[in-house]
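Both backbone and side-chain heavy atoms feed into the values below; hydrogens, waters and symmetry mates do not. Chain letters run A, B, ... following the sequence lines, proteins first, then strands; residues in each count from 1.
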Amino acid sequence: MLIYTIKRFFEMVIVFFLFLVISYLLFNAIPGNAFSSLLLNPLLPPEAYQKTIEAFGLDKPLYERVQLYIINFFKGDFGYSYTYYPRTPIDLIAERLPRTLMLFSIVNVIAFYTGFLVGKILAWRRGSKSETWITIGSVFSYTVFYPWFALMMLWFFGYKMDWFPLGKFLVPEKWYDSPYTSDEIFYTLIIFVTVSSFLLFLIFIFTRNIESLQNRRNVRFLGLISLFALAATYWTNGEAALKRFYAADIAYHMILPTFTVTLVAFAGTALLTRTTMMEVLKDDYILTARAKGLSQKRIRDRHAARTALLPVVTSFIFTIITIIDGSVLTESIFSWPGMGQLILEAVVQEDIPLAMASFSFIGILALIAHFIADVSYAFLDPRIRIKSEN
Amino acid sequence: MVESLLEVKNLSMHYDTLDGNVDAVKDISFTVKSGESFGLVGESGCGKTSVAMTLLQLQPDNSVITEGSIKLDGKELIGLSENELRKVRWDSVSIVFQGAMNAWNPVVKIGEQIREAMREHYPENSKQQNINKINELFKMVGLDESISERFPHELSGGMKQRAVIALALSCDPKLIIADEPTTALDVVIQDQILNEIKKVQDLLGLSLIYISHDIAVIAEMTDKIAVMYAGSIVEIGPTQEVFKSPKHSYTRALLDSTPSIRGEKKKLRSLDGEPPSLINKIDGCSFSPRCPTPTTQCKNQSIEMRLVKVGDDHFADQCCSGCVKNE
Ligand SMILES: Nc1ncnc2c1ncn2[C@@H]1O[C@H](COP(=O)(O)OP(=O)(O)O)[C@@H](O)[C@H]1O
Ligand SMILES: [Mg+2]
C-alpha cells in the first residue's frame, strides 16, 4: 500500500510537470501578443512593465522561458496581477482558495454520499413505487441544464421565498465592525471541519474491532454525541464564541449552493450505484450472506453496497475534473468569490500572470483530488492493494 | 429408532415467469435422520437446487411454494417470518452452494466473513473465542490459521472450498446441505474435498444432504438416495439397495451411463433425448418419452406419478417401476 502510494505520488509529480509545460505553451499560443493588453493598460507603472518582462524572460527563446516559468513557479513567483496591481497572484489565490476549497469539498462530499445512499436504497427497493419515482427524478436531475436549474433555484429560494441570500458569501453590513477578516473565519471553519471529520473517522476506525454489533452501535452513538458536545463547547468558549456569529453568516450563505449542486450532482452517483448494486445483488456471496442469517441491513450495507462502491468511486475519479470545471459555473451563478471566479476574471481581462497562476493551482487541486481518490480506491479494493504490495 | 431431523412432506414449488409457471419442485417428500447422509441426484435442471433453496426459504423472489411442509426438529419452517428464519439459517442448517468458489465477498477478509456469521448466532462470544473456534475449524479442514487474514482472491479454488466448509461448520449446525460443492474443481481436489466433508460429518455426527448430478459421487457419500427427474422424486431408498437393484428405468439409465473405475468393464450406455420442459404440464409418466424399455403402461396418459413400495424402505414411481427387467 505504501509503495503504491509512493508510486502514485511520483506519477502525480510527473503529470504535474507536463501540465505546467503544456499550460505554458497553451498560453503562449493565444493569438495576439499577451503584452498588448499589458501595454495598453494605463494603470501599469513602467517599472512593473520592466519587471514583468524580466520575470518571465519575455525577450528570451521559448524553451528558456518555459524553464524560467517552472523555476519561478517553485519560487512562488508569478509576477504581478495586471488587474489587481500591486497584488501578486499568490496573494490573490491565498485569499480565494480557502473559499473554493470549503464550498467545493463540502458540496462534493455531500453530493457523493447522498448519491450513494439513494442509489443503494433504489437498488434494494427494486420494483417498488418509490423506486420508480426517485429514479425518474434522478434521471431528470442528471440531464437537466445546470445553469438554468441553478438560476431557478436561486430565483425560487432566494428571491421568491426569500429563505436564502442571493449569492455572495457574507452580508457586508454585518462585517463592518468585525474584528476578523473573512479569511480568518474561513480558516477557522476549514480547520473545524477538518478536525471534526478526522475525529469522526477515528471513532469509526477504533470501534471496528468491537465484536458485538450491539455494543459497536452503542459506542459509535456515544462517540457521535460526545463529538457534538465537543463542537458545541468549542463554539461557545473563548475566541470561537466571538467568531461564531460571522462563521454562521458564511455557513448560511453556503446552504443554497450546496443544496443546488447536491441536487444536480447526486444523480449520476445514485444511478450508477443503483445499476452496479443490482448486478452485485445477483452474486453468490449475497446468497451466502442471506443463508448465514445476517440481517437485511447488514447484507445491504456490508456486502452489496461495499462492493458496489468500487465502480462508483472509479467513475467519481474520472469526473473530478468536470466537477472542478463546474465549480467555475457554480461560483459565477452564486457570486461566490472563489478560484472559479478569479480564473474567469483573469481570462476575460487577459490578466495573464493571474490566469496562469490560478490554472496551475486548479491543476494542483485536481491532481491532489485525483491522488486521494486513487489511493482510497486502492484502500477499498484489496485486489489492488495486495497486488501492489507484492 | 432415530428421530428424523428433517421432514419434508408434499413440497411443491414453481417459478412465476413470463412464459408461464416453471414447476421446479413437484410433490416431494423425504426425511433425513440425524447423523444420516442423504443424496439427491438428477440431471442438471431437474430442480435439485430449487429443493435446497426452498428448505431454507432462500428461493428467489419469483418462486411460489404452493403446498407442503418442511419440519426441522419438529418445527415447521414454511410460513415463518424472515426474522425467525434468520435464526434457523446457519444455526441449524448451513448450505455449501453450487459454485461455492464465489461464496466469498471479494473485499472482505475470510476470517471476518466467518466471524460475521458467528456474531449473528453467538452474540455473547468474545472476539478471541470466535478466532479460536475458526482456527480449530481450519485445522479440521486442513487449512492454515493465517487464511483468516487473507482475502478470497489470494486463495486457490480448493482452499476457498475448504474455507467454505469451515464457514458452514462455524455455528454448529445439525444439518449441512451441500449443493454440488465440487463441480467447479478438478478431480484430485474434488476427491480431497469429498473426503473432507465425509470426515467432518462423521466426526461431528452431522446430517448431510448431498446434491450432485454425478451418481458415482453420491454412492460414495450417502446412506440414502433420492433420484430426481423433472421436478419429482422418481426413486428413493437406501443407497446400496438402489445401486444393487434400481427399480426405475431413469435410475438404471443414470447408473449405466456412469463408468465404474474399480468394477468390471462394461459398455456405457448414454441416455438419449432431453428432459422435458418444466413449463408444460406433463401428463402421465414424465420419463416415458426417453424410457429405453417402455411398457404399454408407460404410454397411459392418465396414470399419475406416485411412489410405491418396491423393497425395504425403497420406493419407486409406479408408472416406471415395472420397466426395469433385471437381467
Ligand atoms: N429464478 C428462476 N426463475 C425461473 N426459472 C428458474 C429459476 N431458477 C431456476 N429455474 C428453473 O427451474 C428448473 C430447476 O432448476 P434448478 O433447481 O437450478 O435445477 P438443478 O439444480 O437440478 O440444476 C430449471 O428448469 C431452471 O431453468
Ligand atoms: Mg443446481
Colleague: Is B/Pro106 close to A/Tyr285 at the side-chain level, that is, under 4.5 Å between some pair of heavy atoms?
Modeller: yes
Colleague: Against chain A, work out which of B/Gln113, B/Lys109, B/Glu124, B/Gln57 has the most heavy-atom pairs shorter than 4.5 Å and name it.
Modeller: B/Gln113
Colleague: With side chains defined as the heavy atoms from C-beta onward, is the minimum distance between B/Leu56 and A/Arg290 less than 4.5 Å?
Modeller: no
Colleague: For a 4.5 angstrom cut-off between non-hydrogen side-chain atoms, does A/Ser295 reach B/Arg86?
Modeller: yes
Colleague: Please classify the contact between B/Asp91 and chain A as side chain, backbone, both or neither, with a heavy-atom cut-off of under 4.5 Å.
Modeller: neither
Colleague: Checking heavy atoms, do the side chain of B/Ser170, its backbone, both or neither come under 4.5 Å from chain A?
Modeller: neither
Colleague: Could you check whether atom NZ of B/Lys198 has more than 12 heavy atoms from other residues, nucleotides or ligands sitting under 6.0 Å from it?
Modeller: yes
Colleague: Counting only heavy atoms from other residues, nucleotides and ligands, does the tally under 6.0 Å from NZ of B/Lys174 exceed 12?
Modeller: no
Colleague: Flag the pair A/Lys292 and B/Glu116 as a salt bridge only when some basic side-chain nitrogen lies within less than 4.0 angstrom of an acidic carboxylate oxygen.
Modeller: yes
Colleague: Does the side chain of B/Lys127 come within less than 4.5 Å of A/Ile210's, by heavy atoms?
Modeller: no
Colleague: Hey, are the side chains of B/Asn102 and A/Asp283 touching, using non-hydrogen atoms and a 4.5 Å cut-off?
Modeller: no
Colleague: Report which part of B/Glu112 has an atom under 4.5 Å of a heavy atom belonging to chain A: side chain, backbone, both, or neither.
Modeller: side chain
Colleague: Mind ranking B/Met53, B/Lys87, B/Arg119, B/Met118 by heavy-atom pairs under 4.5 Å with chain A and telling me who comes out on top?
Modeller: B/Arg119
Colleague: To the nearest 0.5 Å, what is the distance between CG (A/Leu294) and CH2 (B/Trp90)?
Modeller: 9.5 Å
Colleague: Check whether more than 12 heavy atoms from other residues, nucleotides or ligands sit under 6.0 Å from atom CG of B/Asp61, and answer yes or no.
Modeller: no
Colleague: Count the heavy atoms of every other residue, nucleotide or ligand shown that sit under 6.0 Å from OH of A/Tyr142, and state whether that count exceeds 12.
Modeller: no
Colleague: Does any heavy atom of chain B fall under 4.5 Å from the side chain of A/Arg298, the backbone, both, or neither of them?
Modeller: side chain
Colleague: For chain B, which of A/Leu310, A/Leu380, A/Leu287, A/Val280 has the most heavy-atom pairs under 4.5 Å?
Modeller: A/Leu287
Colleague: Below 4.5 Å, heavy atoms only, C-beta onward: do B/Leu167 and A/Thr288 meet side chain to side chain?
Modeller: yes
Colleague: Run the numbers on B/Val108 and A/Arg302 for side chain to side chain contact (heavy atoms under 4.5 Å, CB included), then give the verdict.
Modeller: CA-CA 9 Å; B/Val108 182; A/Arg302 177 71 182 169; 3.5 Å; yes
Colleague: Need one label for A/Arg216: side chain, backbone, both or neither, based on atoms under 4.5 Å from any heavy atom in chain B.
Modeller: side chain
